[in-house]
Amino acid sequence: MTEPTPPPTGSSPDTEGRSGPEGDGGTRSAADWRRRIADLMPQVRADLEDLVRIPSVSLDSFDAAHVEASAQRVAELFRDAGADVEVVHIGEGHPAIIGGVDGPKGAPTVLLYAHHDVQPPGPDSDWQSPPFEPVERDGRLYGRGAADDKAGVMAHVAALRAHDGRPPVSVRLFVEGEEEVGSESLPAILERYADRLDCDAIVIADSANWAIGTPSLTTSLRGNVRVVVRVRSLDHGLHSGLFGGPVPDGITAMCRLLATLHTDEGDVAVEGLTWEPDPDVDYPEDVLRADSGVLDGVRLLGTGPLAARLWSRPSITVIGLDAPAVDVAANLLSPTCQAKLSMRIAASEDPMRAYAALKTHLESHAPWGVQVEVDLVDAGAGFTASTEGPVVEAAQSALADAWGSDPTEIGLGASIPFISQFAETFPSAAILVTGVEDPDTRAHGPDESLHLAEWEKACLAETLLLERLGTMRSDG
Ligand SMILES: [Zn+2]
């Protein structure tokens, strides 16, 4: 529970209460809001720590009771912040929080999205401190979910608190409980609650900022196409001494086939895939090496700017291979071999067209005439956000004022399939993908952490954004 908070220090008595141009003539300055957020942060952080203590891992093999508990806690936090919310369950899915606050008549409606479930922590021994006991070291709060995405949940709570539960826009809230396991119930939730989620703008607080001190809007995400490819050369396994030489085996054939997927330089060699124009951002090689832990002497793959290789061009990775394990391998020519591939595709690429290109490549590059079979596992589209319009401009100015530096537009090499589902369901809504993470966050990994000073700016930016969107009245 939180105490009602005082208005920003420094605001004169006649500017208390509702802000905005049509109030009593007083508008809070960015500096007023900064002080307001600074006053609120100790409680916001304490509430974040409470959330991190709930191990809301949504993977099937973990106790779903924790995800339920975190849903209830998140609902309570939003209720205390002035919103009317409920915890909803769809089928076997994990609970989501849905609700909102009505703003002034004619004000735009903004949907705030985050997720309260987290990735499994992995072994405790990989962590410097236990994953579900939040602890601060060097200005960062460590814990599973401290950033991804409970910091996003609390940024929404903070923005509502800053506006005393009476934001100048209508707010819709949607906090999902199964983002980390593929958002299976999302289509059903969007269908059933479409009228309660319908909006003019969507804020998805689940991405990263470019660097400490540089706020960002994530404007493109790659899609993902996964396939299983099978190679067959024999109708049964053969003695490798009696037949090795002229008779091809499945594993060697697979290795040759997989090797055709890249040029010698490491660019994807599949023809017909989309390569989008290079992004404006420069991603320095030493930063990527530090971020990724590539070993000394190991070369990076591909040609052209690193940001392009990560965000706007396809990549293909072998993510699984079925072959006899080394310690039980017999002297045998394996008749078959199968591999699973993950192909990331440019944001504007059609996933089924990309799948067809990959399938054609694999079938037409069969070494030694071996049989090749390709099956689609799944295909998700990428996403390109509009980078202009009044909502985007409001977000850019809110970020710039919160950080004191201009925001960059960045891409994300990974895919967030639910974003395209939002875009399909609410085609006229502007989608803003904002960040609470930074390059050191290590979301999904051991020692996940949140940069507390950057997070405070993210909370401030969202508060300013609601205020600025509130000035876009449509009732005239
Ligand atoms: Zn997330």
Side-chain angles (χ1 to χ4, degrees), residues 48 51-52 54-59 62 66-67 70-71 73-74 77 93-98 111-122 131-132 134 140-158 173-186 189-190 202-210 215-224 291 311 344 380 382-383 385 410-423 431-451 454-455 458-459 461-462:
L48 172 63
L51 281 182
V52 173
I54 307 174
S56 53
V57 180
S58 49
L59 206 71
F62 287 75
H66 296 305
V67 188
S70 92
R73 180 71 190 122
V74 169
L77 289 165
H94 288 297
I97 294 89
I98 285 183
L111 172 63
L112 305 179
Y113 170 93
H115 61 90
H116 67 93
D117 63 321
V118 298
Q119 284 279 327
F132 297 110
R140 305 187 68 98
L141 186 70
Y142 286 81
R144 169 59 82 235
D148 181 15
D149 184 30
K150 290 172 172 173
V153 174
M154 287 310 302
H156 299 328
V157 173
L173 295 164
F174 177 26
V175 182
E176 202 187 356
E178 50 185 35
E179 194 277 336
E180 300 292 9
V181 286
S183 303
E184 229 174 274
S185 316
L186 185 64
I189 291 177
L190 289 179
I202 303 175
V203 179
I204 294 174
D206 190 22
S207 186
N209 289 308
W210 174 241
S216 308
L217 286 174
T218 301
T219 55
S220 82
L221 296 124
R222 286 194 295 191
N224 192 11
D291 288 351
W311 302 338
R344 303 289 172 166
F383 173 73
I410 59 172
L412 193 62
S415 320
I416 312 185
F418 71 77
I419 294 184
S420 21
Q421 296 186 34
F422 276 107
I431 297 184
L432 303 169
V433 183
T434 61
V436 289
E437 298 173 20
D438 66 84
D440 278 336
T441 290
R442 303 191 184 185
H444 299 195
D447 291 330
E448 173 181 350
S449 68
L450 173 71
H451 190 290
E454 292 287 288
W455 181 50
C459 294
E462 194 165 310

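In each ligand, atom 1 is the first atom listed, and ligand 1 is the first ligand listed.
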In [X], what N, O or S atom is nearest to the Zn ion (ligand 1), if we give its atom name?
X	answer
Asp148	OD1
His115	NE2
Asp206	OD1

Ring pair (Phe, Tyr, Trp, His ring centres under 6.0 Å) involving Phe383 - partner list, sequence neighbours excluded: none
With side chains defined as the heavy atoms from C-beta onward, is the minimum distance between Ile189 and Ile98 less than 4.5 Å? yes
Sequence neighbours left out, what passes side chain to side chain donor-acceptor pair (under 3.5 Å) with Tyr142? Give chain and number order. none
Rounded to the nearest 0.5 Å, what's the gap from CG on Leu432 to CD on Glu462? Could you check? 9.5 Å
